[in-house]
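Here's the structure we're looking at; comments come further down.
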2 protein chains.
Amino acid sequence: MLIANEKSGKQGIRAVAARAGVSTATVSRALNNPDAVSASLRARITQAIDALGYIPHAPARILSSRRSRTLGAIVPTIDNTMFARGIASLQHYLSSVGYMLFLTTSGYDLEVELQQARNLISRGVDGLVLRGDCHHEGLRKLLADNAVPFINVGIYQPNRPYPCVGTNNEAAAHRAASHVIELGHRRIGIVSALQRNNDRASARVAGFRRALAEHGLDLPPQWHVEVPYTLDDAREAARHLLNLRERPTAVVCGNDVIAYGVLLEAERSGFSVPGDLSVVGFDDLDWSRHLRPSLTTIRVPTDETWQRAGEYLVRSLAGEQTIMHREIDFSLIVRESTAPPPAALK
Amino acid sequence: MLIANEKSGKQGIRAVAARAGVSTATVSRALNNPDAVSASLRARITQAIDALGYIPHAPARILSSRRSRTLGAIVPTIDNTMFARGIASLQHYLSSVGYMLFLTTSGYDLEVELQQARNLISRGVDGLVLRGDCHHEGLRKLLADNAVPFINVGIYQPNRPYPCVGTNNEAAAHRAASHVIELGHRRIGIVSALQRNNDRASARVAGFRRALAEHGLDLPPQWHVEVPYTLDDAREAARHLLNLRERPTAVVCGNDVIAYGVLLEAERSGFSVPGDLSVVGFDDLDWSRHLRPSLTTIRVPTDETWQRAGEYLVRSLAGEQTIMHREIDFSLIVRESTAPPPAALK
DNA sequence: GCCTAGGATGTAACCGTTTTCAAGTCTCGT
DNA sequence: ACGAGACTTGAAAACGGTTACATCCTAGGC
């Protein structure tokens with residue numbers, strides 16, 4: 001006859017409870033709310049945990065508590081310095097408050113983004129960090145149906161009903177274009193990033209255009225080129241602009257990679273920057289100030305932006321009231337790549 | 001009097017089952033093993049799922065099936081092009097086979113890495129992707145105790161008992177140094193990445209040194225500098241080398257970022273590359289071929305490396321036999337930044 | 001026509017936590 | 001000395017799936 005004894009088959013929290021001579025409830029409390037259990041028991045439990053090498057099973061915990069202390073993020077690509085830095089910053093912040101991050105990429109494909117969102121919700125994330133406000137229709141419904149808090153990062157849209165945090169790209173681009181206009185340029189070209197499914201890129205283009213329009217400047221179609229995020233494509237675009245019969249004396253670029261490409265191609269074609277051509281970038285990447293000539297550009301505090309996004313969600317989840325639309329300041333960094341246009345072409 | 005009826009409080013799979021008029025077991029099968037359920041039922045179930053907007057709850061699934069179809073990865077930092085690309089590639093592969101990736105960073109801190117591993121195991125990952133073989137003692141024990149499959153990425157160590165996939169950094173660095181030696185250089189400096197907790201960096205240094213030693217070349221201590229992964233630090237190192245009374249005619253660098261810094265500083269100091277100084281990089285980043293002069297460097301197929309790491313784990317988990325140590329080929333890309341040393345200094 | 005093998009489906013016991021609720025123990029003020 | 005709270009603690013029911021096992025059908029083989 002068997003006496004109902006402690007079977008050795010126990011696992012997880014029950015094994016710890018058995019070894020410490022307490023109930024599973026107490027172990028759970030010792031882990032999640034240490035103050036609720038007496039010091040002596042707490043010590044016994046801690047010791048049992050160490051002895052057993054116990055690691056709590058997060059899925060079980062999530063299942064039973066309906067909270068995962070995990071956020072999901074969907075970015076177009078991780079292979080872009082700005083996003084990589086942003087994610088790093090977000091992750092750093094989240095881990096400092098005991099949260100984890102589930103990262104996925106969409107490749108600028110709205111369908112994929114929607115699918116990834118389903119994935120993440122399925123995974124039990126408490127909230128979602130999204131890039132921009134350009135989403136699949138079904139995504140909003142999905143988020144609403146499942147009551148998943150989220151925030152749009154990298155844009156500033158105070159008039160929309162969705163939370164967001166980021167710089168005002170339109171205003172920043174306007175500032176960049178105004179800079180070369182103030183230097184005296186009248187013939188200004190644009191090399192932007194691809195605008196499709198990318199509200200950040202299109203906001204920048206809008207800002208550039210508004211600045212030109214405000215000064216009554218023309219933008220012939222052939223002076224506006226859109227390129228993917230590679231040096232090769234940027235160089236090709238620059239070659240196109242520089243080979244035009246009527247070529248611009250300044251080029252404003254959708255990001256620093258493009259600007260670098262323009263710089264390279266200008267040099268190769270024998271144009272001096274800023275003597276013959278002024279170039280403005282956007283983002284202020286690490287190497288931009290090291291270029292020859294160093295790059296005039298717009299600095300965007302990416303790290304802060306993404307951290308704020310994390311803060312917003314964490315606070316919302318904690319029930320705190322937080323501001324829905326947060327603007328992150330940009331600044332124009334004037335360096336060597338911009339100057340007044342050549343006298344002959346003023 | 002109430003008849004025991006379908007309560008509206010049902011959730012998840014039970015709600016789907018009720019609506020489709022089947023048992024939860026059947027719904028589960030329809031989801032995980034569609035062939036096991038008749039076409040008619042499958043259709044009813046699919047319809048119920050759509051109607052309800054049902055999203056399976058992954059934690060519950062993991063809890064009961066003891067498999068998460070999720071891998072964890074711990075990299076030193078995401079803010080380094082090579083890692084960012086690697087992760088992107090790994091993630092892409094994993095999603096193509098229905099797996100997800102949990103990504104965390106350690107900041108080259110072994111304690112943090114260990115903690116992250118605990119985190120990931122707690123999360124229920126089926127396997128772990130680690131950078132290199134330089135880990136905390138406790139990590140191996142942790143992995144063994146919990147029977148978690150793992151692989152060391154970015155190094156090649158056929159003699160160690162742990163699975164790994166990557167290029168032979170020692171050999172690649174040896175090749176790089178041999179290249180400048182073959183060009184006639186006898187005075188060769190090294191600017192390496194920080195070697196602490198970084199077996200990739202130290203393998204490269206070892207390779208450089210072996211090549212020098214094999215040709216009886218001296219490496220005075222002041223000709224070997226270690227720097228963090230930034231242009232500023234690389235430039236400072238270059239300044240140091242170029243200001244020496246006896247300065248090297250060639251510099252081999254631990255990565256392309258360092259090489260770029262050396263290029264920039266050489267230009268600023270009025271040294272011509274490769275006329276006065278030859279420079280070799282390592283990694284072949286996207287922009288390396290665009291530099292002036294374009295950079296001689298070692299190409300490392302990062303994408304393939306990380307994808308292979310994913311393949312190894314996925315296959316192992318599927319019970320397939322796979323090779324433990326896989327070497328990924330590197331290649332020397334000779335461009336403009338290397339040439340024979342100035343005649344006077346041969 | 002009967003027996004059996006095998007496929008389709010349902011029943012219900014888990015998976016490892018958290019959490020509600022009840023019970024037990026202290027601490028005090030009166 | 002006693003009862004009201006305030007704390008600790010434990011028992012057991014969720015949480016939302018999977019899966020071993022039982023059951024029911026159906027189609028063949030004899």
Side-chain angles (χ1 to χ4, degrees), chain A residues 4 6-7 9-45 48-49 52-70 118-119 121-126 146, chain B residues 4 6-7 9-45 48-49 52-70 118-119 121-126 146:
Chain A
E6 306 163 9
K7 291 180 43 187
K10 281 203 186 83
Q11 291 227 4
I13 205 171
R14 287 184 238 261
V16 176
R19 188 176 231 267
V22 299
S23 73
T24 62
T26 303
V27 176
S28 176
R29 278 189 284 257
L31 251 27
N32 300 308
N33 184 14
D35 296 336
V37 36
S38 70
S40 64
L41 280 195
R42 211 186 315 150
R44 288 228 307 275
I45 291 171
I49 287 177
L52 265 39
Y54 167 69
I55 298 182
H57 192 267
R61 196 205 287 253
I62 295 168
L63 177 58
S64 134
S65 71
R66 283 89 166 288
R67 297 201 40 205
S68 62
R69 292 188 75 82
T70 299
R118 265 201 212 93
N119 248 324
I121 292 174
S122 160
R123 251 35 215 206
V125 297
D126 293 338
N146 296 78
Chain B
E6 307 163 9
K7 291 179 46 187
K10 282 202 187 81
Q11 291 226 4
I13 205 173
R14 294 186 225 256
V16 176
R19 188 175 231 269
V22 300
S23 74
T24 63
T26 304
V27 176
S28 177
R29 278 188 284 256
L31 251 27
N32 301 309
N33 185 15
D35 296 336
V37 35
S38 70
S40 65
L41 279 195
R42 213 186 313 150
R44 289 226 307 275
I45 291 171
I49 287 178
L52 264 38
Y54 167 70
I55 298 182
H57 193 266
R61 195 204 290 252
I62 295 168
L63 177 58
S64 88
S65 72
R66 282 89 167 287
R67 296 201 41 204
S68 63
R69 291 187 76 81
T70 299
R118 266 202 210 92
N119 250 323
I121 291 174
S122 159
R123 249 39 213 205
V125 297
D126 293 337
N146 295 79

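Order of the sequence lines fixes the chain letters, A, B, ..., with proteins taken first and strands second; residue numbering starts at 1 for each chain.
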Pairs: protein N or O with nucleotides 12-15 of chain C N or O, under 3.5 Å:
from, atom 1, to, atom 2, distance (Å)
C/dC15, O2, B/Ser64, N, 3.3

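- Across the protein-nucleic acid pair, A/Leu52 atom CG and C/dG16 atom P stand 14 Å apart, rounded to whole Å.
- Of all non-hydrogen atoms in B/Ala48 and B/Ala20, the two that sit nearest each other are CB-CB, 4.0 Å.
- In terms of heavy atoms, B/Pro56 sits closest to B/Leu31 at CG-CD2, 4.5 Å.
- When rounded to the nearest whole Å, the span between CG of A/Asn33 and P of C/dT18 equals 11 Å.
- No contact: A/Pro59 has no heavy atom under 4.0 Å from any strand.
- Backbone-only engagement by A/Val22 is indicated by non-hydrogen atom pairs under 4.0 Å involving sugar-phosphate atoms exclusively.
- Between the CZ atom of B/Arg44 and the C1' atom of C/dA8 there is a distance of 13 Å, rounded to whole Å.
- For A/Asp126 (side chain) and A/Arg67 (main-chain N/O), no donor-acceptor pair under 3.5 Å exists by modelled atom type.
- In this structure, B/Ile55 and B/Arg29 both approach DNA chain D, and ranking their closest nucleotides by distance from the 5' end singles out B/Ile55.
- For the residue pair A/Ile55 and B/Arg118, the shortest heavy atom distance occurs at CG2-O, 4.0 Å.
- Straight-line distance from the CG atom of A/Asn32 to the P atom of C/dT20: 13 Å, rounded to whole Å.
- Between B/Leu63 and A/Ala60, the closest heavy-atom pair is CD1-CB, 3.7 Å.
- Heavy-atom contacts of chain B under 4.0 Å fall on DNA chain D between two terminal nucleotides, which in 5' to 3' order are D/dG16 to D/dT19.
- At the heavy-atom level, B/Ile62 lies nowhere under 4.0 Å from the strands shown.
- The distance from atom NE2 of B/His57 to atom CD1 of A/Ile121, rounded to the nearest 0.5 Å, is 11.5 Å.
- The two atoms that bring A/Pro34 and A/Arg42 nearest to each other are O-NE, 3.3 Å, heavy atoms only.
- Of all heavy-atom pairs spanning B/Tyr54 and B/Ile13, the tightest one is CE1-N, 3.6 Å.
- A/Ser28 comes within 4.0 angstrom of a nucleotide base, judged by non-hydrogen atoms across all strands.
- Between the B/Ser65 side chain and the B/Arg61 main chain, a donor and an acceptor come within less than 3.5 Å of each other.
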